[in-house]
Amino acid sequence: MSASTGVRRGGLRRAEARAGLLLISPTFLVVLALVVLPVLWTVALAFQELRLIQLSTAGLFGEYTLENFEEVFTSSGFWGSLATTLVYATLGTGSAIGLGLVAALALRQGFRGRALVRASMLLPYVAPVVAATFVWGVMLNPQFGVVNAVGTGLLGWEEPVAFLSQRTSEVSLLGLEVGVPTALLTVVVFEMWRSFPFAFLFLTARLQAVPGTLEEAGRVDGATPTQRFRHILLPQLLPTIAVLALLRFIWTFNNFDDIYLLTGGAAGTDVVSVRVFDYLVARGDVGAASAQALVLAAVLAVLVVIYLRSGAKEEVA
Amino acid sequence: MADLAPARPAPPAPSGGPPAVSSGSPGRRGPRPRRWTRDAVENRAIAVLRPLVIAALLAFTLFPFYYMALLSVRDLSALVAAPARLLPALSELTVATYADVLAPTAEGGQGFLRLIANSGVIALGTVALTLLFAIPGAYAVSRLRFPGRRHVDALFLAVYLFPSILLAVPLFVFFTRAGLRGALGALLLVYVSQTVAVSIYVLRNYFATIPASVEEAAAIDGASRWVTLRRITLPLAAPAIVSNALFVFMIAWNEFLFALLFLVEDRPRWTVSLGLSQLAGSIEVPTTVLMAGSVILTLPIVVLFFASERLLTGGLTAGAEKG
């Protein structure tokens, strides 16, 4: 290559650029047509009065109005739904990462069959969401679910708990009756079960990359296991945990499948994504559905920018 | 739910085992006095807690799968009579549930055989199309300099992070308008648009580990870029391509939202996921029959996962790693 003249090198460059564009263009076109343009179109739809039944007669671009946002922002349900979504995403992310960390640390030391145990722990993450939510729904069923059967039979519960259809239940805590958001906590526990393997996988990989000499040095200096975790391991893991928290939060915040399949958005689990679906399919109110989707997108955009700016993506190794 | 949650967070594990056992280099460590120091207490506690935590985690993780398999072979009346029995009597076991769920609807079954075929066609089609698009794309992004390469990179990352619910509205409206909502081809393309970005990331990262000098050597021997790609680069990248194919298959096989939006009105076109979710609400189909359907939906994924776990775990991390 070094012997080639400037002209020839320019020709090669151009040939390379042509080949590159040719190879990337099919993917680019699919993504453009089915992701980018639809997202932009959502913006246009959010500013139109469009109902599903008028669809065959309406043009793609109609009259623009702010009514959808007015309707969405002034409806009492929306802000409560946004709050529910935040609580769900925060608790779901935190518990999944916490459990993933526990699993990664507990399985750090080798033993016979560890590879099999590790693989088994990834199952909730790869299993079909419809099957997982169905089996959880049956497990928690008040009539014949195993959890309630064990709870009333062995643990002395006074009556079965309708985990997925009860908004709150009174739990006596130190003599005080406290209202607990039953269904919301149940979907959070499901989210923890389903996505802790993701955190487990990343934290295990990161733990393997921690130099053994660091901990050995700590041990020689007399640091106890908890001290070594607090002062040696945890600082090494924090960047990974930060990235995981951001990624999991993004996905949990927008999660539709799990809640729709578990509760249908009832009993205080009415997250924004399920509302978007209901407005679109049940009410056929395309404009209001788009407006709420845009709110989700705005939150997401902020998070993605944080993610890209942080430079933290290089930390996940 | 407390009974399902794992016991309690475990203190961290020392990497080299309890210090009392000489796992490290004993020469560097002084004799350890056998007293109840904080170190000794913590190590004892960890030694006791670790197996407990692992057992609790395994139970929490795997119990729903065991329960699924169990209920799929239990007789319904036996289940209602003794819902807490986790080791069923041999007499109440049955495979009639599987016969019922698989049989065609015309014969009074739930027609899952047909749904399996639908899911299989859609998942395999998605794999084939995604690879067809992603392999050249990933090669271009990792090897060739072209205008806009960096922007394409950022775009694909954004697409990967974009959740499908945000696309639900415009795609639903558009395909309804175009009269293509029930078309399998339309659904296939939507699936490809969801998987192609992450595929490019995974494959690009793998291409980057193949030394460019190997390809340059082929070029010097007179091979064209296409011959090099087909004869040199693709065979070397085979492990990544296979793991990516499995990953895409799982996404397409498991997918729910778009199947619901596009196919729900047309029962003969349902996927297994969609069929199970639609029948789950009905009171006419017994729970145990639907559990058999759940096993049918889950089993291919579990088998594929364990058969290729080593390949796939790399793929899962690589997939979310995004270079």
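Note on naming: letters A, B, ... go to the chains in the order of the sequence lines (proteins, then strands), and numbering restarts at 1 for each one. For clarity, every value in this text was computed on a predicted model and none was experimentally measured.
Each of A:Val35, A:Thr42, A:Val281 has some count of heavy-atom pairs under 4.5 Å with chain B, and the biggest count is that of A:Val35. In terms of heavy-atom pairs under 4.5 angstrom with chain A, the leader among B:Ile251, B:Leu290, B:Val302 is B:Leu290. With respect to chain B, the highest number of heavy-atom pairs below 4.5 Å among A:Ala131, A:Pro128, A:Gly145, A:Ala127 belongs to A:Pro128. Between chain A and the options B:Leu166, B:Leu132, B:Thr130, the largest number of non-hydrogen pairs under 4.5 Å is found for B:Leu166. Between chain B and the options A:Gly137, A:Ser273, A:Ala33, the largest number of non-hydrogen pairs under 4.5 Å is found for A:Ser273. Chosen from A:Gly20, A:Ala104, A:Pro26, A:Gly222, the residue pairing most often with chain B at heavy-atom distances under 4.5 Å is A:Gly20. Note on B:Leu62, B:Ile296, B:Thr298, B:Ile165: by heavy-atom pairs under 4.5 Å with chain A, the leading option is B:Ile165. Of the listed residues (B:Glu255, B:Met68, B:Glu216), the greatest number of heavy-atom pairs within a distance under 4.5 Å of chain A belongs to B:Met68. When each of A:Ala293, A:Ala289, A:Pro124 is scored by its heavy-atom pairs under 4.5 Å with chain B, the top score falls to A:Pro124. Taking chain A as the reference chain and counting heavy-atom pairs below 4.5 Å, the highest number among B:Leu71, B:Val190, B:Leu260 is found for B:Leu260.
Of all heavy-atom pairs between B:Ala134 and A:Thr27, the closest is N-OG1, 4.3 Å. Between B:Val169 and A:Ser290 the shortest heavy-atom distance is CG1-OG, 3.4 Å. Closest approach of A:Leu261 and B:Ser277 over heavy atoms only: CD2-CB, 3.7 Å. Across A:Ala223 and B:Asp39, no two heavy atoms sit closer than the pair O-OD1, 4.0 Å. B:Val53 approaches A:Ala106 most closely through the heavy-atom pair CG1-CB, 4.0 Å. Nearest heavy-atom pair across A:Trp136 and B:Pro64 is NE1-CG, 3.6 Å.
Rounded to the nearest 0.5 Å, atoms CZ (A:Phe229) and CD (B:Glu42) are 12.0 Å apart. In this structure, the separation between CG on A:Leu107 and CZ on B:Arg50 is 9.0 Å, given to the nearest 0.5 Å. A:Tyr125 contributes atom OH, which lies 11.5 Å from atom CE of B:Met250 (distance to the nearest 0.5 angstrom). A distance of 5.5 Å separates CG in B:Leu57 from CZ in A:Phe196, rounded to the nearest 0.5 Å. Note that OG1 of A:Thr224 and CD1 of B:Ile46 are 8.0 Å apart. Values are rounded to the nearest 0.5 Å. Summarising the geometry, atom CG belonging to B:Leu144 is positioned 9.5 Å from atom CD1 belonging to A:Ile24; distances are rounded to the nearest 0.5 Å.
Side-chain contact between B:Phe306 and A:Leu123 is present, with at least one heavy-atom pair separated by less than 4.5 Å. Proximity of A:Val286 to B:Phe172: side-chain heavy atoms (C-beta onward) are nowhere separated by under 4.5 Å. A 4.5 Å side-chain heavy-atom check between A:Pro225 and B:Asn43 finds at least one atom pair inside the cut-off. Taking the side chain as every heavy atom from C-beta outward, A:Val126 and B:Asn254 never approach each other to under 4.5 Å. For the pair A:Phe134 and B:Leu297, the minimum side-chain heavy-atom distance is 4.5 Å or more.
For A:Val36, the part lying near chain B is the side chain, with the backbone staying farther off; criterion is any non-hydrogen pair under 4.5 Å. Within the 4.5 angstrom heavy-atom criterion, only side-chain atoms of B:Leu261, from C-beta onward, approach chain A. Contacts of B:Tyr191 with chain A are absent, with no heavy-atom separation under 4.5 Å from either backbone or side chain. Proximity to chain B (any heavy atom under 4.5 Å) is restricted, for A:Tyr260, to the side chain, taken from C-beta onward. For a residue to count as touching a neighbouring chain, one of its non-hydrogen atoms must lie under 4.5 Å from one of that chain's; by this rule A:Val138 touches chain B with backbone and side chain alike. Heavy atoms closer than 4.5 Å to chain B are found in both the backbone and the side chain of A:Leu34. Using a 4.5 Å cut-off between heavy atoms, B:Leu155 touches chain A through its side chain atoms alone. Using a 4.5 Å cut-off between heavy atoms, B:Ile301 touches chain A through its side chain atoms alone. Looking at A:Val30, both its backbone and its side chain come within 4.5 Å of chain B, counting heavy atoms on both sides. Of the two parts of A:Phe111, only the side chain, counted from C-beta on, holds a non-hydrogen atom closer than 4.5 Å to a non-hydrogen atom of chain B. Residue B:Ile135 does not touch chain A at all, counting heavy-atom pairs closer than 4.5 Å. Contacts between A:Leu300 and chain B at a heavy-atom distance below 4.5 Å involve the side chain alone, from C-beta outward.
Scanning for ring pair (Phe, Tyr, Trp, His ring centres under 6.0 Å) contacts around B:Phe65 gives A:Trp193, with sequence neighbours left out. B:Phe146 is linked by a ring pair (Phe, Tyr, Trp, His ring centres under 6.0 Å) to nothing, counting only residues two or more places apart in sequence or in another chain.
Proximity of a side-chain donor or acceptor of B:Tyr67 to a complementary backbone N or O of A:Val146 within less than 3.5 Å is detected.
Using cut-offs of 30° and 60° for the angle between ring planes, the B:Phe256 and A:Phe256 rings count as parallel.
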